[in-house]
Amino acid sequence: MATFLYRLGRGAFRRRRLVALVWVALLFAAGFGAASASAPTSGSFSIPGTEAQKAFDLLDQRFPGMAADGATARIVIKAPAGQRVDAPAAKDQVEKIVSDLKNGPGKEQVSSVADPYEAKAVSEDGSTAYVSVKYTVSGMELKDPTREALKDSGEAAKASGLTVQIGGDALMAAPETGSGEIIGIVIAAIVLVITFGSLIAAGLPLLTALIGVGIGVSSITALANVLDLGSTTSTLAMMIGLAVGIDYALFIVSRYRAELAEGRERDEAAGRAAGTAGSAVVFAGLTVVIALVGLAVVNIPMLTKMGFAAAGTVVIAVLVALTLVPAILGFAGKKVLPAGTKSKLFGKGKPAGAEPKPNGGTRWARFVLRRPIMVLLVGVIGLGAIAIPASKLEMGLPDDGAQPVSTTQRQAYDLLSEGFGPGFNGPLMVVVDGDKALADTTADRIKGLEGVAAVTPATTNEAGDASVITVIPKDRPSSVETENLVHAIRDGSGDDVLVTGATAMNIDFSQKMNDALLPYLALVVGLAFLLLMLVFRSVLVPLKAALGFLLSVVAALGAVVAVFQWGWLGSLFGVEQTGPIMSMMPIFMVGVVFGLAMDYEVFLVTRMREAYVHGERPGQAVVTGFQYSARVVVAAAVIMIAVFSGFIGASEQMVKMIGFGLAVAVFFDAFVVRMAIVPAVLALLGHKAWWLPKWLDRLLPNVDVEGESLRKHLEASSSQGPDKDRELAKV
């Protein structure tokens, strides 16, 4: 493979105008597709095989006009202190809200509007009331006039002195990442300038990463309507695409400069960089793709689509690194080198037998080699201590109570909790597949359960063969008590009684994610283990890589629990409401972080493997790997942390949590596991680290990541003269 990538990189360098033109054309084509694509008509969310989903499907059959999975909104109205919301003046304003929603713009998407006075949706003290609005479509399908009518519905009431706030998923919108994302890119640029000492070399990874992400995200936007992609899909793709895009280009540019330092011609240096560092990029990218595509194991369509879309962006990042980066290196000329080094590096090479000056990576590696047991114990014990909170992990999905206090959704949530009780923010819908008598019996049984605040009379369909009962819990939707109530209703009922609604759907989603975690972990780690065995020709190195990853990801989960569930340092990260950790978080941490962590493993250890194959002792090979790769790996990790940290400023709790979790996980994995634990373990193992049974060595194909076959091929071609060299340069 190294030989093929050598030819590809050298060919892209020589035909740089054509290669650059193709990528720019792809960017414009994707941008045009995104600009001309119609807005997504749906953002459906289903969880096949769960009781909540079965109940929704039953409601669609027995109550065809009900639109059970349609968007909902609650307009909460509170009277001024000492006044009542059912006073004549206030009542007129509330009824105007009801009338405007029934008859105003977007009324064709409105299924029902409940008058609070008729629905008995007025608090006992008369201070608060709420208008329940049901729509025929999901929140993502609401048209702008419908959404604007909802937002404007309480303006007249506010002018009269009433407090009006709106909650519910009808106000669902794409998450705002704020300025944090831009700050992350700026930090990445600063790190690149420090690493390379050249503005051109620093700008190159940023430029190519932005082109790759632009193509990926624009393609997702263009296909969003066709493939039913949600708004979070492009956010995840952008987050991962930026991180790996910058890193992969950084690896190629760094190796290119190292080859120039050896005295290579520029096209030869580009080819060798693609053949060596490019091989590491391919396998690092493959681990990320395996992790993201593996999300299909969970069997949740939304998650599967997010994984495939992000994986597609990673594939684009790999292709950009292998083709566009060498092409732009051709345009950059000698400007990729720091000032004052051009004359020394171009065409002159290093003096014979010259030893490279020890750098920070060399000194650190020698320190670890002198004290491997101490470094190993400090790293493992430290991460183990941070991982302790993960044992108290509680999973769920964020509701309006997790929104910033400045939002109308959060204020509506708080007003409803104050006026009626926290359970009114997450009513349960019990669907009875039977006659009215069974429904009444079920309702009476539910009233006697612990944690129930209220039970409404059963509503039966025209055929009389199905009913719906609304149950109001005493506690907030994301509480353990509400989850226990859902299980209590289900455990005491037969197959003809199903519990659904947003709260029950969240509980089922969390359970499904929890059940899928171990199979997913086995699939991803197993496939990646085989891939790394192929790369490193070793059994113990991939095993060490997998165990190190598990340690870093559990420690990162512990940090997430401490901040978002327990509230430690929560104000520092903009966490205004603690609660359960998002159900998708462990799966995302396992999938995304595993793929990204293997970037550093592959790039760092392949350089060690390359030195070992070329005859160096195990300890010296570790030092050589750090000498050439530590600076780049540190820079890549800082860049990735900066990019992920930029998403901590997002308004959406889910995006904030993902950004924090990934940033912390990369920090632990890069600086503790790969930079400390890995060299310590390799130092202790010695030659055994590279042991592979002979029968397995014969069985595995040789992918030549360390470039040994490429080196022999180049030596053979140089001995056969320029004709052979021209043949090798063909693409």
- Task: Would you check, one step at a time, whether the test side-chain contact (heavy atoms from CB on, under 4.5 Å) holds for Val605 with Arg674?
- Result: CA-CA 9 Å; Val605 182; Arg674 307 303 153 193; over 6 Å; no
- Might you confirm whether atom CG of Leu199 has over 12 heavy atoms from other residues, nucleotides or ligands at distances under 6.0 Å?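 No, the 6.0 Å shell around CG holds no more than 12 heavy atoms from other groups.
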- In terms of heavy-atom contacts, does CZ of Phe4 have more than 12 from other residues, nucleotides or ligands at under 6.0 Å?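 Atom CZ in Phe4 is not crowded, with 12 or fewer foreign heavy atoms closer than 6.0 Å.
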- Go through the steps for Leu604 and Ser629 under the test side-chain contact (heavy atoms from CB on, under 4.5 Å), then give the verdict. CA-CA 6 Å; Leu604 185 63; Ser629 303; 3.8 Å; yes
Side-chain polar contacts of residues 583-590 - donor-acceptor pairs under 3.5 angstrom, sequence neighbours left out - could you list them?
residue : atom : partner : partner atom : Å
Ser583  : OG   : Gly396  : O            : 3.0
Ser583  : OG   : Ser510  : OG           : 2.4

- Message: Going by the rule side-chain contact (heavy atoms from CB on, under 4.5 Å), which residues pair with Ala29 if we only count those two or more places apart in sequence or in a different chain?
- Response: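 If we apply the side-chain contact (heavy atoms from CB on, under 4.5 Å) test to Ala29, skipping adjacent residues, there are no hits.
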- Partners of Val672 by side-chain contact (heavy atoms from CB on, under 4.5 Å), sequence neighbours excluded?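 Val672 satisfies side-chain contact (heavy atoms from CB on, under 4.5 Å) with Leu383, Ile677 only.
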Could you tell me which non-hydrogen atom of [X] sits nearest to which non-hydrogen atom of [Y], and how far apart they are?
X	Y	value
Val325	Ala249	CG2-CB, 3.8 Å
Ala689	Leu540	O-CB, 4.2 Å
Gly307	Leu295	CA-CD1, 3.7 Å
Gly278	Leu322	CA-CD2, 3.7 Å
Thr313	Gly241	CG2-CA, 3.7 Å
Pro326	Ala12	CB-CB, 4.1 Å

- Quick one: does NZ or CZ of Arg16 land under 6.0 Å from the six-membered ring centre of Phe13, within 45 degrees of the ring axis?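 Checked: cation-pi criterion met.
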Heavy-atom check, side chain of [X] versus side chain of [Y], under 4.5 Å:
X	Y	result
Phe671	Val634	yes
Thr304	Val298	no
Ile581	Phe564	yes
Pro580	Met395	no
Val541	Arg609	no
Phe331	Arg17	yes
Ile300	Met513	yes
Leu319	Tyr248	no

- ring-ring contact (aromatic ring centres under 6.0 Å, His included): which pairs involve residues 514-538, sequence neighbours left out?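 Output for this query is empty, none listed.
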- Output every pair passing ring-ring contact (aromatic ring centres under 6.0 Å, His included) with a member in residues 16-37, not counting sequence neighbours, ordered by first then second residue.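 Residue pairs with at least one partner in residues 16-37: there are none.
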About how many Å separate [atom2] of [Y] and [atom1] of [X], when rounded to the nearest 0.5 Å?
X	Y	atom1	atom2	answer
Asp247	Ser254	CG	OG	11.5 Å
Asp669	Ile641	CG	CD1	10.0 Å
Ile240	Met306	CD1	CE	8.5 Å
Leu27	Leu324	CG	CG	10.0 Å
Ser552	Ile386	OG	CD1	11.0 Å
Phe251	Arg255	CZ	CZ	12.5 Å

- Quick one: list whatever passes salt bridge (Lys or Arg N to Asp or Glu O under 4.0 Å) with Lys544, sequence neighbours left out.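 Lys544 satisfies salt bridge (Lys or Arg N to Asp or Glu O under 4.0 Å) with Glu601 once adjacent residues are dropped.
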- Query: What do you reckon, are the aromatic ring centroids of Phe644 and Phe660 less than 6.0 Å apart?
  - Reply: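 Distance test on ring centres: not under 6.0 Å, no.
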Report all side-chain donor-acceptor pairs from residues 204-217 shorter than 3.5 Å, counting only partners two or more places apart or in another chain.
residue : atom : partner : partner atom : Å
Thr208  : OG1  : Leu204  : O            : 3.0
Thr208  : OG1  : Pro205  : O            : 3.2

- Is the backbone N or O of Ala280 less than 3.5 Å from a side-chain atom of Thr606, with the two atoms forming a donor-acceptor pair by type?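 No, the answer is negative, given that no donor and acceptor are paired below the 3.5 Å cut-off.
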Under the side chain to side chain donor-acceptor pair (under 3.5 Å) test, which residues partner [X], sequence neighbours left out?
X	value
Thr624	Glu616
Asp515	Gln511
Thr287	none

- Message: Pair Phe626, Met608 - check side-chain contact (heavy atoms from CB on, under 4.5 Å), show working.
- Response: CA-CA 8 Å; Phe626 268 80; Met608 298 178 190; 3.4 Å; yes
- Task: Give me the one residue out of Arg272, Arg266, Arg264 that meets side chain to side chain donor-acceptor pair (under 3.5 Å) with Glu259.
- Result: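 For Glu259, the side chain to side chain donor-acceptor pair (under 3.5 Å) check succeeds only for Arg264.
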- Begin from the C-alpha positions of Phe668 and Leu551 and carry the test side-chain contact (heavy atoms from CB on, under 4.5 Å) through to its verdict. CA-CA 9 Å; Phe668 290 156; Leu551 182 60; over 6 Å; no
- Query: Which pairs, with at least one residue in residues 625-642 and sequence neighbours excluded, count as a salt bridge (Lys or Arg N to Asp or Glu O under 4.0 Å)?
  - Reply: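 Applying salt bridge (Lys or Arg N to Asp or Glu O under 4.0 Å) to every pair that reaches into residues 625-642, excluding sequence neighbours, yields nothing.
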- Message: Holding to ring-ring contact (aromatic ring centres under 6.0 Å, His included), I want the full list of residues that pass it with Trp690, two or more places apart in sequence or in another chain.
- Response: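 By the ring-ring contact (aromatic ring centres under 6.0 Å, His included) rule, Trp690 matches Tyr612.
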